[in-house]
**Student:** 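Let me give you the structure first, and then I'll get to my questions.
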Amino acid sequence: MMKDNYLKLTKKEKKFFLKNLHGYDTAELFNNLELEDQEELFSLLTFKNKAILISYLPPYQASVLLESLPKNQAINIINYLEPDDLTDILKELDEAVLKEWVTDLDETTKEEFQSLKDYEEDEAGSRMSPNLIKLSPEMEIKEAMQLLIKEAPHVETIQTLFVVDKFNSFLGIVP
């Protein structure tokens, strides 16, 4: 149903439609389109929205899609991926491509990948994201809320906040 409605839209309408579509739904639509329509959909997305779409694809499919792109485009998309998604996808790349691409990642993305890449798929570390909000036990509620508001766009979830001491050791959580 969504596919049929999408295909009837003009290019401008498609772009607006995709801008307001959740990443999961974009991936569902993408997977139900013919190759030519997939290419058009992908071309209408920003780098950030391409990363969101890719994060909802199976890692192997995402890696094949990234490898089909010019290197600079792929790197721009990769730099928007959450660290855990990035790691799953990059592990699927050909080893030579992986080595070449990792050198071109921005420093933060490179560090996040390096810290997660050695975890086995069934280990908790492979599912973790280093992008989280850390609170100190000395913080006032107002100060914690200001940090939460400031950092929310940069983390994967705000459902759980982590309390750490001055040595960055885990003390507890705040739901």
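All values reported here derive from a predicted model rather than from experimental measurement.
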**Student:** Just so I know, are the side chains of Phe17 and Asn5 near enough to count as touching, which here means a heavy-atom distance under 4.5 Å?
**Tutor:** no
**Student:** Could you state the interatomic distance from CG (Asn49) to CD1 (Ile54), rounded to the nearest 0.5 Å?
**Tutor:** 11.0 Å
**Student:** State, yes or no, whether a side-chain contact exists between Leu147 and Glu143 at a heavy-atom distance under 4.5 Å.
**Tutor:** no
**Student:** For the CG atom of Leu66 and the CD atom of Glu92, what is their distance to the nearest 0.5 Å?
**Tutor:** 11.5 Å
**Student:** When you group the ILVMFWY residues by side-chain heavy-atom contacts below 4.5 Å and let the links chain together, are Ile75 and Leu69 in the same group?
**Tutor:** yes
**Student:** To the nearest 0.5 Å, what is the distance between NZ on Lys11 and OG on Ser43?
**Tutor:** 5.5 Å
**Student:** Drop me the distance from Asn20's CG to Asp25's CG, to the nearest 0.5 angstrom.
**Tutor:** 12.0 Å
**Student:** Do the side chains of Leu65 and Phe30 get nearer than 4.5 Å, heavy atoms only?
**Tutor:** yes
**Student:** Does a sphere of radius 6.0 Å around NZ in Lys15 hold more than 12 heavy atoms from other residues, nucleotides or ligands, not counting ones at 6.0 Å or beyond?
**Tutor:** no
**Student:** If you take all heavy atoms of Leu81 and Ala51, which pair is closest and at what distance?
**Tutor:** CD2-O, 3.2 Å
**Student:** Take Leu18 and Leu53 through the side-chain contact (heavy atoms from CB on, under 4.5 Å) test and state the conclusion after the steps.
**Tutor:** CA-CA 10 Å; Leu18 293 169; Leu53 163 64; over 6 Å; no
**Student:** Assess whether atom CE of Met2 is packed by more than 12 heavy atoms of other residues, nucleotides or ligands within 6.0 Å.
**Tutor:** yes
**Student:** Report the distance from atom CG of Leu21 to atom OG1 of Thr26, rounding to the nearest 0.5 Å.
**Tutor:** 3.5 Å
**Student:** Is it true that Ile89 and Leu57 fall in one hydrophobic cluster, defined by side-chain heavy atoms closer than 4.5 Å?
**Tutor:** yes
**Student:** Considering only residues two or more places apart or on different chains, which pairs with a residue in residues 50-62 satisfy side chain to side chain donor-acceptor pair (under 3.5 Å)?
**Tutor:** Asn31-Gln61
**Student:** NZ/Lys134 to CG/Asp165 distance, rounded to the nearest 0.5 angstrom?
**Tutor:** 11.0 Å
**Student:** For the residue pair Leu44 and Lys14, what are the closest heavy atoms and their distance?
**Tutor:** CD1-CB, 3.7 Å
**Student:** Out of Leu41, Leu35, Leu33, which one pairs with Asp37 under the side chain to side chain contact (heavy atoms under 4.5 Å, CB included) rule?
**Tutor:** Leu33
**Student:** Does a sphere of radius 6.0 Å around CZ in Phe162 hold more than 12 heavy atoms from other residues, nucleotides or ligands, not counting ones at 6.0 Å or beyond?
**Tutor:** yes
**Student:** Kindly work out whether a path of hydrophobic side-chain contacts (I/L/V/M/F/W/Y, heavy atoms less than 4.5 Å apart) joins Val163 to Leu161.
**Tutor:** yes
**Student:** Applying the 4.5 Å side-chain criterion to the ILVMFWY set and letting contacts propagate, would Val174 and Leu148 be lumped into a single cluster?
**Tutor:** yes
**Student:** If you draw a 6.0 Å radius around NZ in Lys48, do more than 12 non-hydrogen atoms from other residues or ligands fall strictly inside?
**Tutor:** no
**Student:** Transitively linked via ILVMFWY side-chain contacts under 4.5 Å: Phe16 with Phe42?
**Tutor:** no
**Student:** With heavy-atom distances below 4.5 Å as the criterion, would you say the side chains of Ile78 and Leu90 are in contact?
**Tutor:** yes
